[in-house]
Each structure stands twice: as C-alpha cells, then as structure tokens.
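For reference, the structure discussed in these notes is given below.
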Amino acid sequence: MRIIRTVTDLENYVAAARAEGRSIGLVPTMGALHEGHLSLVRKAVSDNDVALVSVFVNPTQFNNPHDLATYPRDEEADFRLLAGAGVSAVFAPTPEEVYPGWPEPAAPKVYDLGSAAEVMEGKHRPGHFQGVAQVVSRLFELCRPDRAYFGEKDFQQIAVIRNMIASEGIKVEIIACPICRADDGLALSSRNALLSEEGRREAPEIHRILGQSVEYSRTHSVRATHDSVVEALDANPMLEVEYYEIVDGRTLLPVEEWEESDWIVGCITVYCGDAAAPEKRVRLIDNIAYRTPSNH
Ligand code: PAF
C-alpha cells in the first residue's frame with residue numbers, strides 16, 4: 001500500500017492509474033477507522049482496479065474547536081487496517097496540502113447544496129456541510145474517482161454530497177453503504193471511542209428505541225412516533241436528544257403523514273454522557289427507515 005502525503009504525489013499516482021485505464025474507487029475518511037469504514041473499503045477494493053482511501057480530519061467541517069481538538073486519531077492503526085484490507089494507496093495529507101494558503105486560505109467557495117443542507121445537521125452545525133462539500137470536492141478533483149463510497153449513518157451527508165456533485169457537474173458515482181452496528185445495535189462511529197464506560201452501556205438504547213418506533217409507527221401518527229422516541233430517550237439520564245426529525249428520504253424535509261412518501265427516514269442526534277459534565281458528552285448520530293422504496 002502506497003502512503004501518499006502530498007498533492008503532487010497523489011496527482012502523479014492518479015495520472016498513472018488513469019493512463020493505464022484503471023478504474024478508481026475513493027473512500028473519504030477522517031481516520032480512527034472501524035469496521036464501518038472497512039465495509040466501505042472492502043466494497044471499493046472489489047468494485048475497482050484501484051482503491052484509494054483518504055485519511056484527513058478536515059478542519060473546515062468542524063464548527064466546534066473542542067470537537068476538532070478531541071476528534072480521535074490513530075494513523076498507525078488506520079494504515080495497518082487499510083493495508084490488511086487490500087487498499088492500493090492512502091492519501092493522508094496535512095491541511096496545508098489540501099488547502100493552499102492554510103491556515104489563511106482564500107475565502108472558500110460557497111457551494112449550492114440545496115435545501116437538504118439547511119435542516120438537521122445543517123441547522124445545528126452551521127457551516128458543517130460547506131466544509132464537507134469543500135473537502136469532498138477537493139478530494140474528487142485530486143483523486144478523479146469513478147466511484148466514491150459513503151456510509152448511511154451520515155444519511156444527510158450523502159444527500160448533500162449528491163446535491164453538490166449535481167450543482168458542480170462532477171461525474172462520480174456515489175455508493176451509499178448500509179450502517180454497520182456493534183452486536184448491541186450501536187451504530188459504529190469513530191466517536192464511540194470517546195464514550196465513557198457508562199455512556200457505552202447506554203448508547204445502544206438509541207438504536208433499540210428507534211427500532212421499537214418502527215413497530216409503533218404502524219398504528220400511530222408521525223407526530224406521536226416522533227414524540228415517543230424523544231420521550232423514551234430523554235428519560236434516560238445518560239442521553240439527551242438534540243433533534244429527531246422524520247423526513248422524506250430524498251428531500252430530507254420533514255413529513256407530517258406516513259402517506260406523503262415511499263421513503264421516510266428518522267434522523268437523530270443524541271448527546272451521550274453525564275449531563276453534569278457537558279463537555280465530556282459525545283454527540284452520536286443514527287437513523288432508521290420507516291418506509292424504503294423497493295429500488296433502494
Ligand atoms: O464522513 C466523514 O467522515 C467526513 O465527513 C468526510 C466525508 C470524510 C469528509 O471529511
């Protein structure tokens with residue numbers, strides 16, 4: 001596995017692969033890799049001649065400096081896992097490489113990300129999706145992938161990236177991959193490493209309550225289903241719901257009736273940890289499908 005640190009080396013690597021007519025699959029990551037990332041990586045390895053993985057904690061998508069400073073990092077372990085998974089090359093640059101002029105780069109471009117970027121994470125993490133669009137479009141420009149792989153835990157991110165490539169006219173196939181879960185149901189996330197022992201014990205409640213709500217939704221309204229999830233999770237002293245929204249799977253806009261769409265997803269963000277120490281709480285996201293179109 002090649003470890004690439006600079007834009008020049010990456011461009012040369014990609015140009016050589018392209019010249020040989022090899023297809024390229026890209027898995028963008030922020031490192032601290034887990035089985036969820038590896039499931040994307042394995043798909044990229046099997047679908048493409050060249051599987052490229054980026055490991056870059058992108059500072060421009062963090063609206064909270066504490067969150068950026070505490071984001072888990074373990075490059076050596078990441079490289080070991082990627083080599084074991086058959087990755088062709090890993091791009092692990094500094095911010096200076098990715099953003100010319102860093103730490104005072106030129107004013108960033110503003111991307112047209114559609115209304116999907118205005119709700120949920122867009123509302124609670126101002127600037128987050130512009131940062132994601134900035135880094136993902138830069139990675140697409142440098143890696144020129146045929147396909148790019150993203151996990152459905154970040155359901156809204158996938159919709160926003162699809163909007164970004166449509167508005168920028170970027171030709172790349174976006175492959176959305178299912179959420180990977182621990183045996184107790186907790187969605188795998190790099191942030192799980194930050195959970196306290198007690199937090200880790202309680203966090204699977206998120207998926208358990210969401211799962212129960214699917215059954216509940218068969219006989220209750222959207223509003224009642226929404227409220228039942230928030231009430232059940234907020235009753236746990238280790239959990240606090242930041243938002244729960246039941247949305248159309250394509251537009252990401254809230255639905256009021258189950259009949260409104262053939263694709264309805266509940267998207268949640270929960271703070272997990274002791275409310276008396278808010279700076280130690282971990283922000284977890286997850287989602288559940290209430291309706292799934294047959295072609296999904
Ligand atoms: O999902 C992530 O890990 C990040 O948002 C991404 C897509 C790698 C961009 O930094």
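Numbering of ligands and ligand atoms starts at 1, following listing order. Model, not experiment: these values are computed from the prediction. Each residue takes its place number in the sequence, starting with 1.
Counting atoms of ligand 1 from 1 in the listed order, those under 4.0 Å from a heavy atom of Pro28 are 8 (C). Listed by number with element, the atoms of ligand 1 under 4.0 Å from a non-hydrogen atom of Val135 are 9 (C), 10 (O).
Here Ile161 has no heavy atoms under 4.0 Å from ligand 1, in either its backbone or its side chain.
Atom 3 (O) of ligand 1 has its closest protein heavy atom at Met30 CG, 3.7 Å.
Between Phe155 and Trp263, the angle of the ring planes goes over 60°, which puts this pair in the perpendicular group of the 30/60° scheme.
For Trp258 and Tyr216, the distance between ring centers is not under 6.0 angstrom. Aromatic rings of Tyr71 and Phe62 (six-membered ring for Trp) have centroids within the 6.0 Å cut-off, being under it.
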Report task. Evaluate the criterion salt bridge (charged side-chain N to carboxylate O under 4.0 Å, His left out) for residue pair Arg181 and Asp286; output intermediate values, then yes/no. Result -> CA-CA 10 Å; Arg181 297 187 180 279; Asp286 203 343; 2.9 Å; yes

**Report entry** Test log, rule side-chain contact (heavy atoms from CB on, under 4.5 Å), inputs Arg223 and Glu256
**Finding:** CA-CA 7 Å; Arg223 172 53 46 196; Glu256 284 173 11; over 6 Å; no

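With distances taken over non-hydrogen atoms, the option nearest atom 2 (C) of ligand 1 out of Gln157, Lys153, Gln134 is Gln157.
Backbone and side-chain nitrogen or oxygen atoms of Gln61 are examined, and one is located within less than 3.5 angstrom of a nitrogen or oxygen of ligand 1.
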